Each structure stands twice: as structure tokens, then as C-alpha cells.
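Have a look at the structure below before the remarks.
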Amino acid sequence: MRLEDLGWDASFSSAFEPFERAGLRPGRISRTDRRSFRVLTGQDELHAEVSGKLRYHTPEWPVTGDWVVLRGDSPVIDTVLPRKTELSRKTAGEQTGKQVLAANVDVLFLVTGLDRDFNPRRIERWLLLAGECGAQPVIVLNKADLHPDPDWAAGEVRQLAPAVPVTVVSALAEQGAAELIRHVRHGETAALVGSSGVGKSTIVNWLLERDAQLTQEVRKDDGRGRHTTTSRELIPMPGGWLLMDTPGLRELQLWAGEDSLDQTFEDVANFAAMCRFRDCRHEGEPGCAVTEAVSGGDLDEARLGSYRKLQRELAYLARRQDEWAAAEEKRRWKRIHKAMRQGGKRL
């Protein structure tokens, strides 16, 4: 397998030039297990650990999909090369911070089940995540065999994002593989994301034509799944591309900005551009084109409600980010003043 088969391209080659002159070698992280990493080099698969420099002085912790610089025979990850795309969410809980889930993903398969998991509002959240990532989203409606009218469901989803491809499949019935994989080209990386129980691991096994991932049945009482995949793993596929399975996310806290929101809700943004007032909140102000579109049947009221909810969530996130940045700046100056009092020690 060549580096190009793993997604290596001119941008990574250019970033690696200084390290190549120093006799180091590149590799791509295929799996992370706490402090240990599996790395593909094109010739073999290695186990590596991070260097002290990376562990204590670099903010970019390696994640699955990263291209890294390796040194030594028992390889140590010295540097993370600049990422083309970054799949991120807000850290779970009350802490404000970014959690990078995967790197250098070209295609993002947003998987939902056509069973009790089917929820257009949740799909909108995944689309917002994809918009911030920069990868090409593809909505995958799995478990078509469990829905009385999968074509109707696909039509409903297409109204959410007319420019985003929608693919209907049934991994258990082995239907729709060709339609799914046509969205990925040789050397590209696709990632499966979605809630627990939507069938991501079943899709991996189906496409590989072997049981590479464990699977579990969803709970019958609420249709929700349990975590089967526990880490993100990069899997070379027969067609010369790579597939990344990811653990299901029960709590998808967004890490995105206003631009991604407008991109995801392009229909709402287009109506908002015609409002009389630039700061219109679309809550009954005179000349509001958005509320007029709802009244006239040109915009779904539930979709507007989803837009408002996500807008409030992102506004709260922005405030927390500003507070965190201010606190971090205060901590930085305290360290500087402490060093000055100790005799000008270098930081």
C-alpha cells in the first residue's frame, strides 16, 4: 500500500519537506487507544507513543486520521501535520472546550436509522457539525427494511438540505452499497457518524463483507442503541478508500459558528436577508420576511423552531468561549508576573 492510498497528497507532502530532510518518516494514525497509537506507514502498521514535546508543549493531540511525523525505530510521534479538515464538538458536560473527534475526513456519512431513531431535527444538528468540519456530507438513511415508505422519508430529508446527497440503504438486507460508495473516490477518507444504534458497525461489516466490528441490537423499549464501537478506527476498504467508524454520540454538543448555521439553514438565511431590520430576531418584528414565509407556507414552522434553538445554543457557546479566552489570558499574565517576581525567569 502506498502513502497515496492512505490519503497522502501534495499539501501533506509540502508540510513534511523539512522533516524529510531530517531523515524522519510520515505515517497516518489509524487508531487511538488512550496513550498508544496505531500508525499506518504504507509498508506496515506500527504502535507509537507521543514525544515529550508533543505531550507537554503542543495543543494538538493526535487523533485518528492525523498525518504525523515519526522518529526512531520504536517510533515516537514527533509532530502532527496541519489538518485539511477537523471533525469537532464541544467537550461533554459544563466545561467549555473543543474535542477533536477525527482529522482529514473527506466525506462525512451522517447515518440515521429509519426506525424509531428517525428524527429530522437531529439530522439538522449533524449537518451543522458537518458544515463546520469542511467535509462533504452525505445523509445515509439506514434500516430501510424497517420503514413502510423509505422514499417518503428520503424526500422529507432532502427538504432539509437540497444540495446534500441522501442515500437509502439497508445494511442487514445488503441493499444500496453501490449508491453509498459512489460518493467516495480512491484515496479519500469517509467517516461514519451518528447516534448509537443507527447501524454504523453493521455498515462497516457489510461493506467489508466480513465481521470486522462487533454489533449489538437496539433496545426494544425506545429503539436506542448501546455503544458497540469504543474507539475511532481507520479501515482500508476494498475499493482503495478508507472508512472510519466512530462511537455513537449520545450528547452532540455543537462546536460551530454563525456561518455554519446559515449554511445549514440556507432557506432561513435567504428569507432573513429580506427582513426590514438587519438585527431582526424573527419573533414578530414588523417587516420580518421569515415569519411571513412561515405564515405563507414557504417555511416549515418546526424548521424555524430548530433554527432558533440552535442559534441560542451557538450564542451561548460564543459567550462561554469569550469567558474562557478572557480567563486564559488572565492566567497567562499571572504566570508572567510570577516569573518577573522570581527574577525574570524565561517562560
Side-chain angles (χ1 to χ4, degrees), residues 1-13 15-16 25-33 36-48 62-70 75 77 80-88 100-111 129-130 133-140 142 165 167 169 171 176-194 199-214 228-248:
M1 185 177 290
R2 303 172 305 159
L3 288 178
E4 288 75 14
D5 298 325
L6 300 174
W8 187 259
D9 62 17
S11 64
F12 296 121
S13 180
F16 183 69
R25 53 180 169 159
R28 192 171 190 195
I29 295 179
S30 61
R31 184 184 175 108
T32 59
D33 294 296
S36 163
F37 301 85
R38 284 200 331 223
V39 183
L40 299 171
T41 65
Q43 286 79 37
D44 47 23
E45 185 176 53
L46 308 171
H47 289 269
V63 299
T64 302
D66 265 326
W67 282 99
V68 297
V69 177
L70 302 172
I77 299 173
V80 177
L81 295 180
R83 297 162 177 160
K84 291 197 301 183
T85 61
E86 194 177 81
L87 179 63
S88 305
V100 182
L101 304 175
N104 302 315
V105 174
D106 301 293
V107 178
L108 206 55
F109 287 135
L110 311 177
V111 186
L129 181 102
C133 168
Q136 170 61 49
V138 177
I139 300 172
V140 180
N142 189 27
T167 300
V169 304
E179 178 65 19
L180 184 65
I181 64 178
R182 74 178 183 87
H183 296 289
V184 193
R185 294 178 294 183
H186 184 276
E188 288 188 333
T189 299
L192 294 164
V193 296
K200 299 188 300 297
S201 296
T202 304
I203 290 174
V204 173
N205 293 337
W206 169 45
L207 295 179
L208 278 173
E209 299 181 356
R210 60 181 173 86
D211 290 342
Q213 304 290 78
L214 296 174
T228 301
T229 301
T230 56
S231 62
R232 295 162 190 92
E233 183 173 5
L234 201 59
I235 304 169
M237 302 300 290
W241 53 285
L242 300 106
L243 182 62
M244 188 186 301
D245 192 9
T246 67

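What you see below is based on every heavy atom in this structure, not just the backbone, and it leaves out hydrogens, waters and symmetry mates. Predicted model, so just to flag it, every value in this text is computed and none were measured.
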task = Kindly determine whether Trp67 and Leu3 satisfy side-chain contact (heavy atoms from CB on, under 4.5 Å), including the steps that lead there.
result = CA-CA 10 Å; Trp67 282 99; Leu3 288 178; 3.9 Å; yes

query = Who are the side-chain contact (heavy atoms from CB on, under 4.5 Å) partners of Gln136, not counting sequence neighbours?
reply = Pro165

ask   = Between Leu243 and Leu208, is any pair of side-chain heavy atoms under 4.5 Å apart?
value = no

message = So, taking the atom named CG in Asn142 and the one named CD1 in Ile203, what distance separates them when rounded to the nearest 0.5 Å?
response = 4.0 Å

note = Shortest non-hydrogen pair, Pro62 vs Thr32, comes out as O-CG2, 4.3 Å

request  = For Ser36, check side chain to side chain donor-acceptor pair (under 3.5 Å) against everything at least two apart and list the hits.
outcome  = none

message = Evaluate Val169 against Trp206 for side-chain contact (heavy atoms from CB on, under 4.5 Å), listing each step before the verdict.
response = CA-CA 11 Å; Val169 304; Trp206 169 45; 4.0 Å; yes

query = For the side chain of Asn104 and the backbone of Arg83, is there at least one donor-acceptor N/O pair under 3.5 Å apart?
reply = no

key: Which residues share a side-chain contact (heavy atoms from CB on, under 4.5 Å) with Arg25, sequence neighbours left out   = Leu46, Leu70, Pro75

remark   = One should read off an interatomic distance between Asp245 CG and Asn205 CG, to the nearest 0.5 angstrom, of 8.5 Å

query = Would you say the side-chain atoms of Lys200 pair up with the backbone N or O of Gly194, donor to acceptor, closer than 3.5 Å?
reply = yes

Ala171 to Thr202 - nearest heavy-atom pair and separation = CB-CG2, 3.7 Å

query = If every non-hydrogen atom of Leu129 is compared with every non-hydrogen atom of Ser88, which pair is closest and at what distance?
reply = CD1-O, 3.0 Å

key: Side-chain heavy-atom pair Pro26, Trp8 within 4.5 angstrom cut-off   = yes

Heavy-atom pair with the smallest gap, counting every atom of Val39 and Ala48 = CG2-CB, 4.1 Å

query = Where do Val69 and Leu81 land on the side-chain contact (heavy atoms from CB on, under 4.5 Å) test, with the steps shown first?
reply = CA-CA 7 Å; Val69 177; Leu81 295 180; 3.9 Å; yes

query = How long is the span from the CD atom in Glu4 to the CG atom in Asp9, to the nearest 0.5 Å?
reply = 9.0 Å

key: Heavy-atom check, side chain of Thr64 versus side chain of Glu233, under 4.5 Å   = no

query = Can you list the steps and then say if Leu180 with Phe109 is a side-chain contact (heavy atoms from CB on, under 4.5 Å)?
reply = CA-CA 9 Å; Leu180 184 65; Phe109 287 135; 3.7 Å; yes

request  = Verify, without hydrogens or angle tests, whether Glu179 (side chain) and Gly176 (backbone) share a donor-acceptor contact under 3.5 angstrom.
outcome  = no

remark   = Across all chains, not counting sequence neighbours, the salt bridge (Lys or Arg N to Asp or Glu O under 4.0 Å) partners of Glu45 are Arg38

task = Return yes if a side-chain donor-acceptor contact under 3.5 Å exists between Thr85 and Asp106, otherwise no.
result = no

ask   = In chain order, what residues pass the side-chain contact (heavy atoms from CB on, under 4.5 Å) check against Gln43, with sequence neighbours excluded?
value = Thr41

key: Donor-acceptor under 3.5 Å (Asp66 side chain, Val68 main chain)   = no

query = Heavy-atom distance under 4.5 Å between the side chains of Thr189 and Lys84, does that happen here?
reply = no

task = Output all residues satisfying side-chain contact (heavy atoms from CB on, under 4.5 Å) with Ala102, sequence neighbours left out; order by chain, then residue number.
result = Leu87, Val105, Met244

ask   = Is there side-chain contact between Leu242 and Leu6, with heavy atoms separated by less than 4.5 Å?
value = yes

Non-hydrogen atoms of His183 and Val107 that approach each other most closely = O-CG2, 3.6 Å

